[in-house]
J.: 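Right, I'll just put the structure down here and ask away after.
The sequence lines fix the lettering, A, B, ..., with proteins before strands; numbering per chain opens at 1.
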Protein chains: 2
Amino acid sequence: MDDREESLLDSLKAHGYRLTKPRQAVIRALATAVKPMTVADIHAEGRRYCAELGLVTVYRTVEMLLALGQLHIVHLDAERHGYALASPGHVHHLVCSRCRRIIEVTGCTLDGFLDDLAERTGYRITGHRLEIAGICPECRAKFES
Amino acid sequence: MDDREESLLDSLKAHGYRLTKPRQAVIRALATAVKPMTVADIHAEGRRYCAELGLVTVYRTVEMLLALGQLHIVHLDAERHGYALASPGHVHHLVCSRCRRIIEVTGCTLDGFLDDLAERTGYRITGHRLEIAGICPECRAKFES
DNA sequence: AATCTAACTGAAAAATTTTTTCACTAACCC
DNA sequence: GGGTTAGTGAAAAAATTTTTCAGTTAGATT
């Protein structure tokens, strides 16, 4: 169990949630993943850790983790979306278009741009989501000769 | 009919598509919208222009416009998404969290950051999606006293 | 450790969303 | 105007998500 997984379990406890096997399976599936996981992905992977894990519980646990701010929604190219454990702080995701491997990206440089934008439009800017698409080094090696 | 709508119809013709009434209704619904439209939104609004418009046709027309690059997917706060006509060039969307009104944003300042990122990670960066959330001036006036 | 109890569970059913199928319609070329 | 074929809506099917509910289990109490 890695640090991230452990702190997540602590966070559940701290919020009065029970540490059930199905929940641990969902969390482990997410903690182990290297790409955004759809509900079906989490279900399939989670069953490796809890054979009876039901799809409904995946939906419920995802919702719970989102409410706790521990999970990010990552929009895939088309209209599908997956979930990835959130690291603390402000992060974005760089997703490989081919294999879906993701890495977290910190230190985005949009603050000045957004301040400008607020001034120009009169909107109060409350947040932003940046998703970056690319081809990871492994896939480049395999497919770009 | 505004310019945008007209050029869209031209683009359909240029690609060998027929200009049917249901398609025109979908396009007009999108051209008139001030917020991202879900499939259901487009269907409801489109029926004002073509009373028999079927939901299936909305799905098909949306798919067609996406393939032509004329439509952007705009992810709403949660897991829902809507569609908005794409302006030519590189644009992002600023969406009001309260009323969903959107405005298009040009001139994002990420190029340097993305170049850096490519260097650091070895990814070849192929695109990015930036969605900015905020509260529009009207909603600020109404709800922020 | 045994007991209690409410949070939690999975299965089934229901609701919703999206895709497929198909007979009919209408846009566009002549 | 007439023919052809892309395009249509309705209905059915498939896929996804939510609700319901009786049974189970985590964790507090003793």
J.: Take A/C50 and B/Y59, find for each the nucleotide of DNA chain C with the closest heavy atom, and name the residue whose nucleotide sits nearer the 5' end.
T.: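 Taking each residue's closest nucleotide, the earlier one in sequence belongs to A/C50.
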J.: Please answer: with hydrophobic residues joined when any side-chain heavy atoms are less than 4.5 Å apart, are A/Y59 and A/Y49 in the same cluster?
T.: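 Result: no, two separate clusters.
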J.: Sequence neighbours left out, what passes ring pair (Phe, Tyr, Trp, His ring centres under 6.0 Å) with B/H81? Give chain and number order.
T.: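 Listed in chain order: B/Y83.
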J.: In whole angstrom, what separates A/R80's CZ from C/dT17's P?
T.: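 From A/R80 CZ to C/dT17 P: 17 Å.
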J.: Residues in salt bridge (charged side-chain N to carboxylate O under 4.0 Å, His left out) with A/E104, at least two apart?
T.: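 Applying salt bridge (charged side-chain N to carboxylate O under 4.0 Å, His left out) to A/E104 gives A/R4.
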J.: Taking the minimum atom-to-atom distance to the side chain of A/L55, which one of D/dT17, C/dT19, C/dT18 wins?
T.: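 My answer, after comparing the listed nucleotides, is D/dT17.
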J.: Between C1' on D/dT24 and CG on A/L53, what's the gap in Å once rounded to a whole number?
T.: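 Rounded to the whole Å, the gap is 15 Å.
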J.: Other members of the hydrophobic cluster containing B/V74, with the 4.5 Å side-chain heavy-atom rule, please.
T.: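 Noted: B/V74 shares its cluster with B/V95, B/I102.
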J.: Over how many whole Å does the gap from A/R60 atom CZ to D/dT16 atom P extend?
T.: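 Spelled out: CZ on A/R60 to P on D/dT16 is 19 Å.
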J.: Can you pull the salt bridge (Lys or Arg N to Asp or Glu O under 4.0 Å) pairs that have at least one residue in residues 29-43 of chain A, sequence neighbours excluded?
T.: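 Found none.
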J.: Using atom CD of B/E52 as one end and atom P of C/dC24 as the other, report the distance to the nearest whole Å.
T.: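 My rounded result for the distance is 18 Å.
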J.: Under the salt bridge (Lys or Arg N to Asp or Glu O under 4.0 Å) definition, can you give me all pairs with a residue in residues 45-74 of chain A, not counting sequence neighbours?
T.: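 Passing the test, one end in residues 45-74 of chain A: A/E45-A/R48.
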J.: Near DNA chain D, under 4.0 Å by heavy atom, which residues of residues 11-30 of chain B?
T.: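 Hits under 4.0 Å, by residue number: B/Y17, B/R18, B/T20, B/P22, B/R23.
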J.: Is the A/H92 to A/H128 ring centre distance short of 6.0 Å?
T.: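 Yes, they do, as the ring centres are separated by less than 6.0 Å.
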J.: Can you name the salt bridge (charged side-chain N to carboxylate O under 4.0 Å, His left out) partners of B/E138, sequence neighbours left out?
T.: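 Result, salt bridge (charged side-chain N to carboxylate O under 4.0 Å, His left out) vs B/E138: none returned.
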J.: Expressed as a whole number of angstroms, how long is the span from A/I73:CD1 to D/dT17:P?
T.: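 Computing the A/I73:CD1 to D/dT17:P distance gives 12 Å.
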J.: Could you give all pairs that pass the side-chain hydrogen bond (donor to acceptor under 3.5 Å, both in side chains) test and reach residues 13-31 of chain A, with sequence neighbours left out?
T.: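 Qualifying pairs, neighbours excluded: A/E5-A/R28.
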J.: For A/H93, what residues pass the ring pair (Phe, Tyr, Trp, His ring centres under 6.0 Å) criterion, not counting sequence neighbours?
T.: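 For A/H93, the residues satisfying ring pair (Phe, Tyr, Trp, His ring centres under 6.0 Å) (neighbours in sequence not counted) are A/H72.
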J.: Scan residues 38-48 of chain A against DNA chain D and write down, sorted by residue number, each residue with any heavy atom closer than 4.0 Å; if none is found, say none.
T.: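 Correct list: empty, so none.
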J.: Enumerate all atom pairs, one protein N or O and one N or O from nucleotides 28-30 of chain D, separated by less than 3.5 Å.
T.:
none

J.: Quick one: name the residues clustered hydrophobically with B/F113, using the 4.5 Å side-chain heavy-atom rule over I, L, V, M, F, W, Y, and just say none if it's on its own.
T.: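 Noted: B/F113 shares its cluster with A/L94, A/I103, A/V105, A/L110, A/F113, A/L114, A/L117, A/Y123, A/I125, A/L130, A/I132, B/L94, B/I103, B/V105, B/L110, B/L114, B/L117, B/Y123, B/I125, B/L130, B/I132.
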